[in-house]
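Everything on this sheet refers to the single structure shown next.
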Amino acid sequence: MVAENYKIVEQKICEACERSGRKRSEVTLIAVSKTKPIAMIQEAMQAGAEVFGENKVQELCEKYEVLPKNLHWHLIGHLQRNKVKYVVDKAELIHSVDSLRLAQEISKEAIKKQLEINILIEVNVAEEESKFGTTLEDTETLIREIAKLPGICIKGLMTIAPYVEDPEENRMVFRTLKKLAVDIKMKNIDNVHMKVLSMGMTGDYQVAIEEGATMVRVGTGIFGERNYAI
Ligand SMILES: *Cc1c(COP(=O)(O)O)cnc(C)c1O
């Protein structure tokens, strides 16, 4: 089932790229494997998945240990400062940086371990109270502060769009994040690259690609519904 789902998602990504005149190689599919067992990740690997997203540090670390080292792991969920030390050498990209204090902790660990940590700034575009992320207004100021920290490289922006029935409802959210990235890029801030736009999940990744996503995070569409009760 996972392999078939993966192929369907892959096909839909290709279609969205075609519709918007983009190359398939411009978009990275992140298979969001949170709560899902190793066997399912292996199935996805057989279908061609190489990049996996987890939202909890402990789960990412456990899966990292047992799976082949050629896989790429991204931390997509909220990160607590006391967990930073466990994840900086395992996650290739941290999508969820939304405060200077968190960035300072990441910088500290980066120096200690002599790493350069790639991060995205999470923006709460729709300003939902339940969500993490900086506001649109505060993003540039936060980026200017984080950009000064050693051991950190800001690669772009991430957003979690609202849950909606019709993905078209999120088109403006994605367009707004893209516009913010373009605006910030034009300021040519040292140590800030606005190449990555992580936006779009199972319900809306095609719309996100049409609006410029370079990374889409798809969980349910590949692995099926999650059961948090077990
Ligand atoms: C769980 C999660 C996803 C995947 O959501 P689906 O709707 O299952 O595709 C994407 N991004 C983040 C940050 C998540 O926590």
Side-chain angles (χ1 to χ4, degrees), residues 1-13 16 27-37 40-41 43-44 47 49-63 72-80 83 87 90-99 102 118-134 139 155-171 173-174 177 196-230:
M1 183 197 76
V2 171
E4 279 134 57
N5 288 347
Y6 188 85
K7 287 184 184 125
I8 293 166
V9 171
E10 181 57 45
Q11 182 60 36
K12 288 186 176 169
I13 290 173
V27 181
T28 302
L29 169 57
I30 302 173
V32 177
S33 47
K34 64 189 187 198
T35 78
K36 298 297 180 183
M40 284 180 114
I41 296 177
E43 263 187 77
E50 290 175 345
V51 187
F52 292 90
E54 289 286 338
N55 70 336
K56 292 212 169 80
V57 168
Q58 192 183 342
E59 197 172 339
L60 188 153
C61 292
E62 284 168 10
K63 288 172 175 172
H72 307 275
W73 294 94
H74 290 202
L75 186 74
I76 60 173
H78 180 64
L79 176 57
Q80 289 169 306
K83 303 262 174 75
V87 83
K90 299 182 184 70
E92 258 169 45
L93 184 63
I94 299 173
H95 290 232
S96 47
V97 178
D98 64 355
S99 75
L102 173 59
N118 296 320
I119 65 160
L120 304 178
I121 304 299
E122 179 172 353
V123 186
N124 185 359
V125 177
E127 308 208 341
E128 289 180 284
E129 268 180 39
S130 58
K131 295 234 167 92
F132 292 103
T134 178
T139 303
K155 294 289 183 188
L157 305 177
M158 176 271 221
T159 196
I160 303 175
Y163 182 78
V164 289
E165 290 286 319
D166 175 5
E168 285 298 328
E169 290 178 51
N170 278 336
R171 189 177 290 278
V173 171
F174 301 139
L177 193 73
V196 177
L197 269 188
S198 168
M199 56 188 195
M201 312 185 359
T202 295
D204 53 20
Y205 65 89
Q206 290 176 285
V207 173
I209 290 169
E210 289 166 16
E211 296 300 329
T214 70
M215 287 182 184
V216 290
R217 311 178 305 264
V218 181
T220 311
I222 295 171
F223 297 104
E225 295 289 338
R226 286 177 292 274
N227 184 352
Y228 288 99
I230 53 169

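Start at 1 and go down the list; that is how both ligands and their atoms are numbered. Any value given below was found using the heavy atoms of this structure, including those in side chains, with hydrogens, waters and symmetry copies removed. Counting from 1, the numbers follow the sequence of the chain as shown.
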For ligand 1, list all ligand N or O to protein N or O distances below 3.5 Å, rounded to 0.1 Å.
| unit_1 | atom_1 | unit_2 | atom_2 | d |
| --- | --- | --- | --- | --- |
| ligand 1 | 8 (O) | Thr220 | N | 2.8 |
| ligand 1 | 8 (O) | Thr220 | OG1 | 2.5 |
| ligand 1 | 8 (O) | Arg226 | NH1 | 2.8 |
| ligand 1 | 8 (O) | Arg226 | NH2 | 3.0 |
| ligand 1 | 9 (O) | Thr202 | N | 3.0 |
| ligand 1 | 9 (O) | Thr202 | OG1 | 2.4 |
| ligand 1 | 9 (O) | Gly219 | N | 2.8 |
| ligand 1 | 11 (N) | Arg217 | NE | 2.8 |
| ligand 1 | 15 (O) | Lys34 | NZ | 2.6 |

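With sequence neighbours left out, His72 forms a side-chain hydrogen bond (donor to acceptor under 3.5 Å, both in side chains) with Glu92. With sequence neighbours excluded, the residues that form a side chain to side chain contact (heavy atoms under 4.5 Å, CB included) with Lys90 are Leu60, Cys61, Tyr64, Glu65.
Checked by atom type, the side-chain pair Gln206/Glu210 shows no donor-acceptor distance below 3.5 Å.
In this structure, Lys131 places its NZ atom where more than 12 heavy-atom neighbours from other residues, nucleotides or ligands lie under 6.0 Å away.
The shortest side-chain heavy-atom distance between Asn55 and His78 does not fall under the 4.5 Å cut-off.
Each salt bridge (Lys or Arg N to Asp or Glu O under 4.0 Å) pair with one or both residues in residues 156-168, not counting sequence neighbours, appears once here: Glu168-Arg171.
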